[in-house]
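Everything on this sheet refers to the single structure shown next.
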Amino acid sequence: MKIVTTLPELRSARRILPEPVGFVPTMGTLHAGHISLVQAARAECASVAASIFVNPTQFGPTEDLARYPRDLPRDLALLEAAGVDLVWTPTPEVMYPSDFQTWVEVEGLTRPLEGELRPGHFRGVTTVVAKLFNAVGPDKAYFGQKDAQQAAVIRRMTKDLDFPIEIVVCPTLREADGLAMSSRNTYLNPDERQAATVLFRALSAAKSAYDSGERDAEKLRALVRDTVNAEPLARLQYVSCADDDTLEELTQVTGKALLSMAVYVGKTRLIDNFVMG
Ligand code: AMP
């Protein structure tokens, strides 16, 4: 496995990779969810490239950039064991030199949900992913359903900017008790870790109502709300039942719907979602 930091190093390593190339962008502190993306890439592509970069521009001023967990030696060992061929670990200076002044912004899809609560977040995400795509030039890029709006926004950007890259969205990997795997789960103390199962429990409650025929979106949102409100360590930030393509809130679920939520467990912000229909 080749590990590179600078752009010239990346370009010469990329040039000799057998094609098609699959690409897995990450912020490190890897877990089985990230590795499942690598495995999907490994199964479909002749070579696999990954990046590890905690992208400062997608964090708000009061968010957890400074304390975001980092463990590069462990991450590199996991990527090597998973069969990655090339890892790019750019520094903030490589990605954002001091005179940097160009941004990539997707409009409509970034307005609701995460975009509304985290102003500037998606501008940071799309800018860094566009730069990663330009530098790596993959044939396919792999993202997790866990960050459903991010996947939708990247799909849009890829289409709108004519990147010749296929976006592949892989299922959310969960712990045995249903908690979606996330690097931010490392912030949780034992009581909070227990309470964090409330996201899965709330989504499951709404999903079983849906499976029993409930199609009133507000009733599905209310089930999520009630479940989270019953958990003392959790505070619901939003629950949404939206059209899976447009992310517009629904009154009635007729086609594919994205049921998504953000919850604070203590000081840790967690997100999760189910797709229905
Ligand atoms: P991150 O390092 O959190 O930026 O995540 C990198 C990629 O891994 C993104 O495409 C995420 O959606 C994906 N990912 C994160 N958690 C999971 C999970 N539990 N299951 C599947 N993919 C995930």
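Computed from heavy atoms alone, side chains included, the values below leave out hydrogens, waters and symmetry copies. Whatever order the structure lists ligands and atoms in, that order sets their numbers, starting from 1.
If you look at Thr29 next to ligand 1, there are no close heavy atoms at all, none under 4.0 Å.
The nearest protein atom to atom 17 (C) of ligand 1, hydrogens excluded, is given as His31 CE1, 3.6 Å; this is a heavy-atom distance. Ranking protein heavy atoms by distance to atom 21 (C) of ligand 1, first place goes to Pro171 O, 3.4 Å. Closest protein heavy atom to atom 10 (O) of ligand 1: Gly144 N, 3.0 Å. For atom 4 (O) of ligand 1, the closest non-hydrogen atom of the protein is Met27 CG, 3.5 Å. Of all protein heavy atoms, the one lying nearest to atom 5 (O) of ligand 1 is His34 NE2, 3.4 Å. Considering only non-hydrogen protein atoms, atom 12 (O) of ligand 1 sits nearest to Asp147 OD2, 2.7 Å.
Within ligand 1, counting atoms from 1 as listed, the ones closer than 4.0 Å to a heavy atom of Gly33 are 18 (C), 20 (N), 21 (C), 22 (N). Close contacts between ligand 1 and Leu37 involve ligand atoms 7 (C), 8 (O), 10 (O), 13 (C) [criterion: under 4.0 Å to a heavy atom]. Close contacts of ligand 1 with Phe143, meaning ligand atoms under 4.0 Å from a residue heavy atom, involve 10 (O). Close approach of ligand 1 to Met181 is summarised as follows: ligand atoms under 4.0 Å from at least one heavy atom of the residue are 16 (N), 17 (C), 18 (C), 19 (N). Of all atoms in ligand 1, listed by their number and element, those nearer than 4.0 Å to a heavy atom of Thr172 are 19 (N), 20 (N), 21 (C). Residue Leu173 approaches ligand 1 through these ligand atoms, each under 4.0 Å from one of its heavy atoms: 18 (C), 19 (N), 20 (N), 21 (C).
The number of heavy atoms from other shown groups lying within 6.0 Å of CD (Gln252) is above 12.
Atom CZ of Phe274 and atom OG of Ser260 lie 12.0 Å apart (nearest 0.5 Å).
For Glu175 and Arg193, the salt-bridge test fails: no basic side-chain N is under 4.0 Å from an acidic carboxylate O. Comment: Lys267 does not engage Asp64 in a salt bridge, judged by the lack of any side-chain N to carboxylate O separation of less than 4.0 angstrom. For Glu9 and Lys2, the salt-bridge test fails: no basic side-chain N is under 4.0 Å from an acidic carboxylate O. Glu19 and Arg14 are joined by a salt bridge, as a carboxylate oxygen and a charged side-chain nitrogen come within less than 4.0 angstrom of each other.
In this model, no donor atom of one side chain and acceptor atom of the other lie less than 3.5 Å apart for Gln194 and Asp191.
An N or O contact shorter than 3.5 Å is missing between Pro25 and ligand 1 by distance. Ligand 1 has no N or O atom lying under 3.5 Å from any N or O atom of Cys170, backbone or side chain.
Every residue two or more places apart in sequence or in another chain that forms a ring-ring contact (aromatic ring centres under 6.0 Å, His included) with Phe100 is listed here: Tyr96, Trp103. Residues that satisfy the ring-ring contact (aromatic ring centres under 6.0 Å, His included) test with Phe53, not counting sequence neighbours, are absent from this structure.
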>> For a ring-ring contact (aromatic ring centres under 6.0 Å, His included) check, start with the C-alpha distance between Phe59 and Tyr68, then their side-chain angles and the critical distance, and finish with the verdict.
In response: CA-CA 10 Å; Phe59 288 78; Tyr68 195 84; 5.7 Å; yes
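Of the options Arg184, Gln150, Glu175, the smallest heavy-atom separation from atom 9 (C) of ligand 1 is shown by Gln150.
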